[in-house]
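Beneath this line is the structure, given in structure tokens, with notes to follow.
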Amino acid sequence: MRTNAKLSQEKLAEKLGVSHRHLGDLERASPNGSVKILIDIAEYFHVSMDYLLLGRDPSRDQFQNELQAAIDHLEKIKGLL
């Protein structure tokens, strides 16, 4: 997300109030990272912790489930016609 936003580690670290080394540790999944900075990063980029930690976007998953349910419902209706 940082690189997509065209932010250097230094710039994002400055915005989050941490050192760029700490941010680098987080990006490399080093055990030196802290939960607080992960929360700050999620808030900065307006993403969920699920997305940040697991790469999953719960809102997208929910949308896909609802869309599939709608498709299934339309298929049932089509079968009745």
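Source: prediction; values computed, not measured.
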For [X], what residues pass the side chain to side chain donor-acceptor pair (under 3.5 Å) criterion, not counting sequence neighbours?
X     : result
Gln68 : Asp72
Arg2  : Glu27
Lys36 : Asp40

Taken to the nearest 0.5 Å, the spacing of Lys76 NZ from Leu81 CG works out to 14.5 Å

Output for pair (Gln9 CD, Leu16 CG), nearest 0.5 Å, gives 11.5 Å

All heavy atoms of Leu38 vs all of Leu52, minimum pair found to be O-CD2, 3.2 Å

Looking only at heavy atoms, the pair that brings Phe45 and Met1 closest together is CE2-O, 3.7 Å

Any donor-acceptor pair under 3.5 Å linking the side chain of Ser19 with the backbone of His22? yes

Who pairs with [X] by side chain to side chain contact (heavy atoms under 4.5 Å, CB included), at least two apart in sequence or on another chain?
X     : result
Leu67 : Phe63, Ile71
Ile39 : Val35, Glu43, Met49
Lys15 : Leu7, Lys11, Tyr44

Open item on the list: Before you tell me yes or no, could you show the steps for Leu12 and Val18 under side-chain contact (heavy atoms from CB on, under 4.5 Å), namely the whole-Å CA-CA distance, both residues' side-chain angles and the distance that decides it to 0.1 Å?
Closed with: CA-CA 9 Å; Leu12 181 56; Val18 298; over 6 Å; no

